[in-house]
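Letters A, B, ... are given to chains in the order of the sequence lines, protein chains preceding strands, and every chain is numbered from 1.
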Amino acid sequence: MKIQLLALLMLLVLLASCRKEARVIEPVETGLQPPDPASALKGFYLLNEGNMGSNKCTLDYFDYATGKYNENIYGKANPTVVKELGDVGNDIHVYGGKLYAVINVSNKVEVLDVSTARRIAQINIPNCRYITFYGGKAYVSSYAGPVQLDPNAQIGYVAEIDTATLKVTRQVTVGYQPEEMAVVHNKLYVANSGGYRFPNYDRTVSVIELSSFMEIKKIDVAINLHRLKADSEGDLYVTSRGDYYNTPSNLYVIDTRTDRVKDTLQIPASNICITGDSAYVYSVEWNWNTQANTVSYAIVNTRTEQLVTRNFITDGTEKNIRIPYGIAVNPLTQDIYVTDAKDYVSPGTLYCFDKTGKKKWSVVTGDIPAHMAFVWK
Amino acid sequence: MMLPDKNIYGGLLPAALLLCVCSHAQSAADTVRVLQKVQVTTKLPQRDITPVQRMNAQTLEQLSSQSVADAIRYFSGVQLKDYGGIGGLKTVNIRSMGTNHTGVFYDGIQLGNAQNGQVDLGKFSLDNVEEVNLYNGQKAEIFQPAKDFGSAGSIYLQSARPVFKGDKKDNLRLTFKTGSFGLINPGITWQRKISSKVNGHISTEWTHANGRYRFRYKKHNSDGSIAYDTTAIRENGDVNAVRLEGGLDGKTEKTEWKWKTYSYISERGLPGYIANNVFKHGQRQWDSNLFTQGWYRRKVTKRYNLLLSGKLAYDYTRYLDTDTANMYTDNRYKQTELYLSAANEYTIAGSWKLALSADYQWNKLNANLVDFAYPVRHTGLLAAATSWRINGFAVQGSLLGTVVKDLVRVRDAAPVKTVYTPAVFLSWQPFGKTDVTLRSFYKKIFRMPTFNDLYYTFIGNSLLKPEYATQYDVGATWSRTAEGKLLKQASIQVDAYYNSVTDKIVAVPTSNPFRWMMMNLGKVEIRGLDVAAQADWRLSALASVNTRLTYTFQQAQDFTDATDAFYGNQIPYIPRHSFSAIATAGYKQWSLNYSFIYTGERYDQKANILKNYLQPWYTTDVSISRYADIAGGRWRVAIDVNNVFNQYYDVVLNYPMPGRNYKLVVQVNL
């Protein structure tokens, strides 16, 4: 019996020495459409946010030349980066041969080589949100501006990064919890949400003069602003999230010549993508009465500012999309890409629709597929 | 590739089987002889009708556990969610039904948390705990408050009961613990025999730790070379806590009563999760948990017994986040609870008994949040139960009726809910006086949506229904005693079960990842097997060995939505296999304890894919102690080495656990 007992103990000790090592996760490649080596677009990156605290922000890449989708490429391209890409990817853009990924909770902008996805630099910006570019500079919005007397009223700021040196050159404070930005006529427009200050949301767009890098005015729009996109005529499309209870989401148009709101479209808007003269707008709104989300997929003509359709998905696929979360439109083919974040904690789906709104394919992504950036040849 | 490691199971199952075989081969022992004597309320049935696992003072002392949570890991069918470190949140989940279906009772009365339904067992020190019992279904009694019928599984913590040797009127115990994490942990317990019928006790403890420990994250490339390997120090995990409790208990021929006041006041850092570029967090939390409670039991007539219980509790939590990269948060929550219960037991004839219990509970939550609902809840519980024993058969049935009414200041209160939930327990000792008990139970129970589920700004949904858990269990216990043999006593208990959790309250996304909505959407089915075995070996007059082994199998599948890719997958954080072993060897005045825990591979999210894969982890703890009688005191000095093989692991993703750590314990009983 002593021997049996001893054997048992030894077995336990043995167990204590056999655990497989953790490995860098390999990308998953899926063929989706016929190869198109002639396309002027090389491909697009898709940034998956990953749920907060999970550290599961991942990067996917679709290659037009091969028609293949590569899920989760960052780890393989950057195996030495501790804890991989990070926590909650919030924005991604390509500029001057570099890919910029804004990783919100990891407090950094990750600068990658656009063709290899290898890290070039990491720029630390606390609570960074969105990025936009103009004249060799990157502009990054951040919630984490200076704390004033009232700790509940932390102002946001925008950091200017020189894309040659990848260093922060200037900073300007804006409104509360600034989100998306756009540059029109040498002015930087910043949508301020005030999301931390519920129920006292911010309701302004900050206007920053780029030469002085000073906030020259605030445009009063609506509470809890989020998206801000410029069209070809110099108008800004700005979304309000509403307050989730009484004030619904809405879409506003600002004329940048007068810096005034010139139109309210009276449609809810969660996200916008403008290509040519079309603004693709989807919305998700919680309905307390039906205990369900109401989802719509609209197109607005940016010249007439009229609604063209309330459902740009025409083949019924929208029924399978639980939470549309990201949108992009191929500027050459007008193929529409819509992501489904599902329950936020499991792999999402990327859908590709042709310009008539018929599904071409779908593919499994990382968690909360959200932001896309095209790569030109 | 980090594929599921089948080899480990290959090694595990035989280990569990080996034990069964050797126990049978030696055929010994009445299992729970030591354990049975300890019931606090009413006399214990000869054999438990429900699956129960116990740990007595001796076992608890040998385990180098700091908190109740550490000890509970050695029960089968239990998964502990441990956020790491001395101050980290530790919640328990019985048979994969979720933390909110677990009732935790301290000295016979339930510890509540109307805000989120979770009890942090990391806050309960083992210093003054004499016994920990885990019941599946419910405690095997009918004469108990209605609330005791109200959980899918229950943990009963029993604080030390005074025993005075000879003419002794005072017992004094001084304890000092120190070691890794900057731990300084002195404690004093004083028990006083006030009269022949009344005892009093006071117990206090100070826990101070900086909470710092080394952790490591390491990954390999596909060719086996190291991709990254980083070691860092866990920061902001400090804790400073004072526990003070005291009470009186009395006993006469016909009555027994106990009154207790408990306070736990603490400040701690919340070390938070580790992510890329985020190795440190700054959140702080202050807690004050106060309660006073008592019960009184009287044998009114030969046939009629009465048990009255009551409790008043106040809990304060302050959460502060001043990290300028986060939203500034300074939240304060105040919870008040009043609880009253009357339980009656009537013997109709022979062993046929009837019990009726009525409880009332009042809960209130205040918080300094904008647009806060200030919910108040009235809960009425009525339980009718009956039990009957004949010729080795035992039957117990109960029906619990619950009425819940909420009041709120803003928006809508949840509609009044009335819920009836039954339970039936059977047991049979087929071989007369031999030591095999077969048993089975069915129980349907629910958990109420918590105040957070219903009323928390944005995410709360006052239309939520209760979440139900239905359990079916079949099990057997075999036990034997053989005084004078090598295997002095042994027992093994096996339970197979099927549980389903329906209308599971889950967070559902809305338009924004920071805005969720609670809904009754989830459905989980659990098929499981719990094995717990225990044996006492007597090697010589001076040497003895005690062994305990548990094995748990859980197939806990998500059947919420057939269109989900993860439909039928194992739910997060539930390993299919887990295993624990404790061996304590005593020789003269020396004692050596070995404890081992294995938790199999898990997934941290719903989809069982490589990206969500969490490695198995297993820790070995060793403790050596020596007893000595010096100057009228009984001394004990122990050195504990935990996680001997220095394995770095996460129980909860991105919350690293400590590697090898040490503790020195010096204790004297005067």
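When all heavy atoms are compared, the tightest approach of A/N55 to B/N654 is CB-ND2, 3.6 Å. Between A/S346 and B/F566, the closest heavy-atom pair is OG-CE2, 3.3 Å.
The contact between B/K218 and chain A is made entirely by backbone atoms, counting heavy-atom distances below 4.5 Å. Looking at B/Y328, both its backbone and its side chain come within 4.5 Å of chain A, counting heavy atoms on both sides. Looking at B/T324, both its backbone and its side chain come within 4.5 Å of chain A, counting heavy atoms on both sides. Neither the backbone nor the side chain of A/T349 comes within less than 4.5 Å of any heavy atom of chain B. For B/I609, the part sitting under 4.5 Å from any heavy atom of chain A is the side chain, from C-beta outward, and nothing else.
Within 6.0 Å of the CZ atom in A/R118, the count of heavy atoms belonging to other residues, nucleotides or ligands does not exceed 12.
Here the side chain of A/S106 pairs a donor or acceptor atom with the backbone of B/N276 at under 3.5 angstrom. With A/N107 contributing its side chain and B/A325 its backbone, the two residues share no donor-acceptor pair below 3.5 Å.
Two residues are said to be in side-chain contact when any heavy atoms from C-beta on lie closer than 4.5 Å; B/V278 and A/D87 fail this criterion. In this structure, the side chains of A/F198 and B/D371 come closer than 4.5 Å at one or more pairs of heavy atoms. With a 4.5 Å cut-off on side-chain heavy atoms, B/T329 and A/Y196 do not count as touching. Residues A/P199 and B/V370 are in side-chain contact: their nearest non-hydrogen atoms beyond the backbone lie under 4.5 Å apart. The closest side-chain heavy-atom distance from A/K83 to B/Y217 is below 4.5 Å. The shortest side-chain heavy-atom distance between A/I25 and B/Y613 does not fall under the 4.5 Å cut-off.
Atom NZ in B/K606 sits 3.5 Å away from atom CG in A/D343 (nearest 0.5 Å). Here the CZ-OG distance, from A/R23 to B/S222, works out to 7.0 Å after rounding to the nearest 0.5 Å.
When each of A/N127, A/T58, A/L85 is scored by its heavy-atom pairs under 4.5 Å with chain B, the top score falls to A/N127. No other option in A/G75, A/G86, A/A153, A/P126 has as many heavy-atom pairs under 4.5 Å with chain B as A/G86. Between chain A and the residues B/A275, B/A607, B/P572, the most heavy-atom pairs under 4.5 angstrom are made by B/A275. Put simply, of B/T619, B/N461, B/V644, the one with the most heavy-atom pairs under 4.5 Å next to chain A is B/N461. No other option in A/E84, A/Q154, A/K108, A/Q122 has as many heavy-atom pairs under 4.5 Å with chain B as A/E84. Among the candidates A/V81, A/N78, A/V147, the residue making the largest number of heavy-atom pairs closer than 4.5 Å to chain B is A/V81.
Between A/K76 and B/N221, the side chains place no donor N or O within less than 3.5 Å of an acceptor N or O (distance only, hydrogens not considered). Judged purely by distance below 3.5 Å, without hydrogens or angles, the side chains of B/Q605 and A/Y344 never pair a donor atom with an acceptor atom. In the model, B/N277 has a side-chain atom that pairs as donor or acceptor with a side-chain atom of A/N124 under 3.5 Å.
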Full working for side-chain contact (heavy atoms from CB on, under 4.5 Å) between A/V24 and B/H220
CA-CA 6 Å; A/V24 172; B/H220 293 258; over 6 Å; no
Run B/N612 and A/K56 through side-chain hydrogen bond (donor to acceptor under 3.5 Å, both in side chains) and show every step you take.
CA-CA 9 Å; B/N612 298 334; A/K56 284 183 183 171; 2.6 Å; yes
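A salt bridge does not link A/E21 to B/K219: none of the charged nitrogens lies less than 4.0 Å from a carboxylate oxygen. A salt bridge is defined here as a Lys NZ or Arg NE, NH1 or NH2 lying under 4.0 Å from an Asp or Glu carboxylate O, and B/D561 with A/K342 fails to meet this definition.
For B/Y573, there are no ring pair (Phe, Tyr, Trp, His ring centres under 6.0 Å) partners at least two apart in sequence or on another chain.
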